[in-house]
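Here is the structure we will look at, set down as structure tokens.
Throughout, numbering of the chain's residues begins at 1 and tracks the sequence.
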Amino acid sequence: MSKLSLGIELGSTRIKAVAIDENHIPVSSGDYTWASRYENGVWTYDLSEALEGLKTALRGVEGLENIGVAGISAMMHGYLVFDEDWNLLVPFRTWQNTITAQSAAELTELFGFNIPQRWSIAHIYQAVLNNEEHIHKIAHLTTLSGYIHYMLTGVNAVGMGEASGMFPIDSDKLCFDEEMVEKFDKLTASKGVEWKITDVLPKILLAGEAAGTITESGSALIDGLLPAGVPMCPPEGDAGTGMTATNAVAPRTGNVSAGTSIFSMIVLEKPLSKVYEEIDMVTTPTGKPVAMVHGNNCTNDTNAWASVFGETAKLFGANITTGELYTKLYEKSLEGDADCGGVLVCNYLAGEGVTHMDEGRPLVARRADSKFTLANFFRSQLYSTMATLKIGMDILAEENVAVDSLTGHGGLFKTPVVGQRYMAAATGAPVTCMETAGEGGPYGMALLAAYLANKADGETLEDYLDNKVFAGAVGTTLAPDPADVEGFEAYMKQYRALLEVERAAIANI
């Protein structure tokens, strides 16, 4: 039997392992459900549970004896620090935490580069500002994927995309930005810190570079489910695996993930002209600059309304499945007016960084003369899932960022055509949905592992994905409809005004 490539991803709600064959088709998978815990004011995960979950996910994969290459991915950012013997110094602080506001603001000003609160560098500098006891013991700062990779291989390294969520990257030199490193070291030295940041950060590896093999101790750690000697590709973050899974790693391409949260990743031809708080700058697994627009709120409020409609249907004896309910509501929205007839929705259950709100209050607003129909209401619901994303994407449009194609994935796109059509209108770009991206991040990680094992000399990741993975991929593409685009723009003019109502609601309710 041909060797399989294995991708593992430790996501925020599931740890999943996916094996793909020589045709890059998923053949088997296993998973484990877990959740973060809020302890002592910090969102965290237990690292011992991460290993137990990894073993559970692996046990669900058939044919582990045929794994020829593997890779580890996980949720990006956060704070994992260890002493020189790799003893954990403080509980894992995840990307969910918003406890680094002072650090993120100071570093953004110092670097002239947007540093979000969830980035690793923001966490470590906040710990310095807090004068936390463990600071002087730090020998290693890494991510969840970097830690698991080290435990399995003994190699302290992360992939380029993962590294770009730790500290800013120089995409020309393919390393941590040297000028910003120097500024950071001067800043921390003035506060009594002995170590230099590049001494504690992991080594950076590009996609396709060897990243060690599973050691005897690494194999024992996972009960021998993967034997010693299996080659490993560089560990990557969930943004890099999402780009890989959707073939969006070349300039002028991008992807939109839309589910509980929503984010777009656009691969740039050149850097942006200035710093935008609304735009995160990361890289592809090969170091190309990527503009990321991230929204905390997407389908949660829509799900709540769908549940209410489902309850209403049951009152009349209707027995419908959740899938049927969503399909009917999504399809009904297509009958609505292109601008939703004056019906407005703000879907903020949580705070929203792009629009600078610390909390959320879901709202429905309309004038007395608005056309309040089910179709308009639900179309407005779906518009609202991507309205905040559009605010960030409009900034990129003003920067003349070209987007030839976007690939959509996530729950918003499960009903054919509807979410895809509205996203095309919102972003002004053709949106493609592919069958092959169904496994998401772990599938993308498996592709990065396969690239390490199978690439030809000089073959780029972009060429490998284009020619060997996605050449025959089944998908549908929808171009922006001019009437939809005009309607969405009219909706957005009202939506931006609605945000002032949202601010008042947060302040008063």
Side-chain angles (χ1 to χ4, degrees), residues 256-264 278 293-309 325-326 329-367 370-395 406 408 410-415 417-428 431 480 484-506 509:
V256 177
S257 175
T260 304
S261 63
I262 186 168
F263 61 88
S264 62
E278 300 87 352
V293 181
H294 183 279
N296 291 334
N297 301 279
C298 187
T299 58
N300 271 348
D301 190 43
T302 307
N303 296 343
W305 277 100
S307 178
V308 169
F309 288 133
L325 176 67
Y326 277 86
L329 289 171
Y330 271 60
E331 290 177 347
K332 184 67 177 177
S333 74
L334 293 172
E335 300 174 17
D337 296 311
D339 65 352
C340 304
V343 180
L344 297 169
V345 171
C346 182
N347 68 330
Y348 291 2
L349 270 77
E352 194 56 77
V354 170
T355 50
H356 313 292
M357 298 195 198
D358 294 329
E359 299 178 56
R361 300 289 186 274
L363 293 176
V364 180
R366 59 191 173 97
R367 301 184 305 274
S370 297
K371 300 175 187 175
F372 190 48
T373 63
L374 176 60
N376 277 335
F377 170 71
F378 213 77
R379 187 162 181 145
S380 182
Q381 268 291 339
L382 295 177
Y383 276 18
S384 76
T385 64
M386 54 194 78
T388 301
L389 181 82
K390 179 170 172 56
I391 291 172
M393 292 292 286
D394 283 350
I395 293 173
L406 281 173
L412 185 69
F413 301 103
K414 281 185 179 179
T415 300
V417 176
V418 185
Q420 192 178 359
R421 175 174 157 180
Y422 298 158
M423 187 64 70
T427 59
V431 175
D484 287 344
V485 172
E486 184 180 351
F488 210 113
E489 290 295 341
Y491 180 86
M492 284 303 299
K493 186 175 181 180
Q494 299 177 84
Y495 182 86
R496 290 174 186 271
L498 180 69
L499 291 177
E500 295 307 311
V501 181
E502 173 74 4
R503 292 184 202 283
I506 293 168
I509 299 177

Heavy-atom pair of closest approach, residues Pro362 and Asp301: CB-OD1, 3.7 Å
Interatomic spacing from CZ in Arg503 to CG in Leu498 - rounded to 0.5 Å: 11.0 Å
Distance-only polar pair, side chains of Asn347 and Asn297, donor-acceptor under 3.5 Å: no
Student check: side-chain heavy atoms of Arg366 and Phe372 closer than 4.5 Å: yes
Interatomic spacing from CE in Met423 to CG in Leu382 - rounded to 0.5 Å: 10.0 Å
Side-chain touch Leu363/Val501, heavy atoms, less than 4.5 angstrom: yes
pair Asp339-Glu486: side-chain heavy atoms closer than 4.5 Å: no
Expected output: side-chain Ser257 to main-chain Ile262 donor-acceptor under 3.5 Å: no
Test of ring centre spacing under 6.0 Å for Tyr422 and Phe488: no
Check ion pair Glu489-Lys390 (N to O, under 4.0 angstrom): yes
Close side-chain approach of Leu499 and Ile391, heavy atoms under 4.5 Å: yes
Note, Val256 side chain near Leu389 side chain (heavy atom, < 4.5 Å): yes
Any residue meeting side chain to side chain donor-acceptor pair (under 3.5 Å) with Arg421, in chain and number order, not counting sequence neighbours: Asp484
From CA spacing to verdict: side-chain contact (heavy atoms from CB on, under 4.5 Å), Asn296, Ser261: CA-CA 5 Å; Asn296 291 334; Ser261 63; 5.6 Å; no
Side chain to side chain donor-acceptor pair (under 3.5 Å) partners of Thr355, counting only residues at least two apart: Tyr348
Distance (rounded to the nearest 0.5 Å) between Leu329 CG and Phe309 CZ: 6.0 Å
Mutual orientation of the aromatic rings belonging to Tyr491 and Tyr383 [parallel < 30°, tilted 30-60°, perpendicular > 60°]: perpendicular
Gap between atom CZ of Arg379 and atom CG of Asp337 - 0.5 Å precision: 8.0 Å
Within-4.5 Å side-chain heavy-atom neighbours: Phe413 and Val418: no
Polar side-chain atom of Asn376 near backbone of Lys371 as donor-acceptor pair, under 3.5 Å: yes
CG-OG1 distance between Leu412 and Thr302, expressed to the nearest 0.5 angstrom: 7.5 Å
Any side-chain heavy-atom pair of Glu278 and His356 under 4.5 Å: yes
Worked check of side-chain contact (heavy atoms from CB on, under 4.5 Å) between Val417 and Tyr330: CA-CA 9 Å; Val417 176; Tyr330 271 60; over 6 Å; no
Minimal non-hydrogen separation, Gly336 against Ala375, with atom names: N-CB, 3.5 Å
Trp305 vs Val364 side-chain heavy atoms within contact, under 4.5 Å: yes
Sidechain-backbone polar pair: Glu502 side chain, Arg361 backbone, donor-acceptor under 3.5 Å: yes
CD-SG distance between Glu352 and Cys346, expressed to the nearest 0.5 angstrom: 8.5 Å
Val431 backbone acceptor or donor facing Gln420 side chain under 3.5 Å: yes
Closest non-hydrogen atom pair between Val485 and Pro480, with its separation: CG2-CB, 3.8 Å
